[in-house]
Amino acid sequence: MTAKIIDGRSLAAAMRKGFAERVAALKEHSVTPGLAVLLIGDDPASAVYVGRKVKACEAVGIKSFAQHLPESISNAELLGRIVELNANPEVHGILVQLPLPPQIDMAQVLETIAVEKDVDGFHLYNVGGLVTGNTVFSPCTPFGVVKLLEHENIPIEGQNVVIVGASNIVGKPMALMLMARDATVSICHAKTRDLAQFTILADILIVAAGVPNLIVPQMVKHGAVVIDVGINRLADGSIAGDVDFEGVSKKASAITPVPGGVGPMTVTMLLENTIKSAEHKAIFEGLELA
Ligand code: NAP
């Protein structure tokens, strides 16, 4: 068997075309969706991610409000910036690029972002909403994975899903989103004993551990769908996921490449959440969108 390659770039491009139309419809009513992106400090990887987000916003007509704040910023000052953005009617989404310097209380920062502008989906309300089904914004990476599965017509209901990685931003919300779609979900992490005994049962295997080559063919069931969320920079400067792509492609029925799989979908879902926020506000204020 040779797996179908799930092309995140082409789905992301198609979705972004649709976004440009939605933004144009909002602009006809003098509403320009706005995303504030706060970058704290000089971490080069964070700067690259923020740059990509700003560029992606511009490409579909979203106005970005990027703020580059010093590494030494105090917790109170950062919270003050967020409060200002909460009150700014031009801003429909607020994103604080993680990780944050040690003097910053991340939980407090995430709770200060207004729920209706929490386009990253990390506010406790949105996290709790994943459990109860009342979330306003789903976190972008797992949301992108769901979109990929849906686009590929991969059934979720009743499937055995195994997620490797239990972080707050990927593994845990991913599990909740797939439970909400009636999958049977197992979550594995660094302390899981004998990872392979879980992964081999997966109809859908989602890997978000940040460990290159963690998943090798012997760990994968014939015909499984394999979603590789991992992004690892190797010694030679190249980017790889967590899955042995060459080997696992021979056993899986479908697989995401790295790069070009989940990555482009993450930023795409950020754009989706920002436009949705602007649409909600416009409708709430009485505009009739086409
Ligand atoms: P994280 O916060 O470091 O969490 C990693 C998770 O993987 C933890 O739950 C950890 O277990 C688990 N883990 C680590 N080593 C393991 C092992 N050997 N076996 C089983 N589980 C293991 O990372 P993250 O933020 O979730 O990101 C995970 C990966 O996805 C990274 O490569 C990151 O760059 C990538 N990522 C990609 C996107 C995208 O858009 N494609 C977005 C976000 C993240 P413990 O909980 O026990 O420590």
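Atoms within a ligand are numbered from 1 in the order they appear, just like the ligands themselves. Starting from 1, each residue takes its place in the sequence as its number.
Remark: distances from the non-hydrogen atoms of Gly171 to ligand 1 are all 4.0 Å or more. The closest approach between any non-hydrogen atom of Val229 and ligand 1 is below 4.0 Å.
Taking only nitrogen or oxygen atoms, main chain and side chain alike, Lys191 reaches within less than 3.5 Å of ligand 1. Of the N or O atoms in Val211, none lie within a sub-3.5 Å distance of an N or O in ligand 1. Any N or O atom pair closer than 3.5 Å counts here, and Ala190 shares at least one such pair with ligand 1. For Gly165, no nitrogen or oxygen atom sits less than 3.5 Å from a nitrogen or oxygen atom of ligand 1, counting backbone and side chain alike.
Of the listed residues (Ala209, Gly230, Ala45), the one carrying the non-hydrogen atom nearest atom 5 (C) of ligand 1 is Ala209. Taking only non-hydrogen atoms, the option from Leu195, Leu270, Leu214, Asp242 nearest to atom 18 (N) of ligand 1 is Leu214.
Atom 3 (O) of ligand 1 is never approached by the protein to below 4.0 angstrom, counting heavy atoms only.
Of the charged side-chain nitrogens involved, at least one lies within less than 4.0 Å of a carboxylate oxygen, so that Glu285 and Lys281 count as a salt-bridged pair. A salt bridge links Glu152 with Lys4: the closest approach of a Lys/Arg side-chain nitrogen to an acidic carboxylate oxygen falls below 4.0 angstrom.
Counting the atoms of ligand 1 from 1 in the order shown, those under 4.0 Å from a heavy atom of Val170 are 26 (O), 43 (C), 44 (C). Atoms of ligand 1 lying under 4.0 Å from at least one heavy atom of Ala166, given by number and element, are 6 (C), 8 (C), 9 (O). The ligand atoms of ligand 1 that sit less than 4.0 angstrom from a heavy atom of Gly263 are 40 (O), 41 (N). Counting the atoms of ligand 1 from 1 in the order shown, those under 4.0 Å from a heavy atom of Thr141 are 40 (O), 42 (C), 43 (C). Proximity to Thr266 (heavy-atom distance under 4.0 Å) selects the following atoms of ligand 1: 39 (C), 40 (O). Atoms of ligand 1 found under 4.0 Å from any heavy atom of Val164, numbered from 1 in the order shown, are 20 (C), 21 (N).
At the shortest separation from atom 34 (O) of ligand 1 among protein heavy atoms lies Ile231 O, 3.4 Å. The protein heavy atom nearest to atom 23 (O) of ligand 1 is Ser167 CB, 4.4 Å. Closest protein heavy atom to atom 31 (C) of ligand 1: Gly210 CA, 3.7 Å.
At a 4.0 Å heavy-atom cut-off, ligand 1 touches Ile169 through the side chain alone.
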Fill in: Verdict with reasoning, Val248 to Leu205, per side-chain contact (heavy atoms from CB on, under 4.5 Å)
CA-CA 11 Å; Val248 171; Leu205 176 61; over 6 Å; no

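The two residues Phe245 and Ile5 have their closest heavy-atom pair at CZ-CD1, 3.4 Å. Closest non-hydrogen pair, Glu111 versus Leu124, comes out as OE1-N, 3.0 Å.
With hydrogens and angles disregarded, no donor-acceptor distance shorter than 3.5 Å links the side chain of Asn134 to the backbone of Gly129. Within the 3.5 Å criterion, the main-chain N or O of Asn86 finds a donor-acceptor partner in the side chain of Lys117.
Atom NZ of Lys276 sits about 6.5 Å away from atom OG of Ser138, to the nearest 0.5 Å.
At a threshold of 4.5 Å between side-chain heavy atoms, the hydrophobic network of Ile, Leu, Val, Met, Phe, Trp and Tyr places Val267 and Ile239 in two separate groups.
Within a 6.0 Å radius of NZ in Lys55, no more than 12 heavy atoms belonging to other residues, nucleotides or ligands are found.
Judged as a side-chain hydrogen bond (donor to acceptor under 3.5 Å, both in side chains), and not counting sequence neighbours, Thr2 has no contacts.
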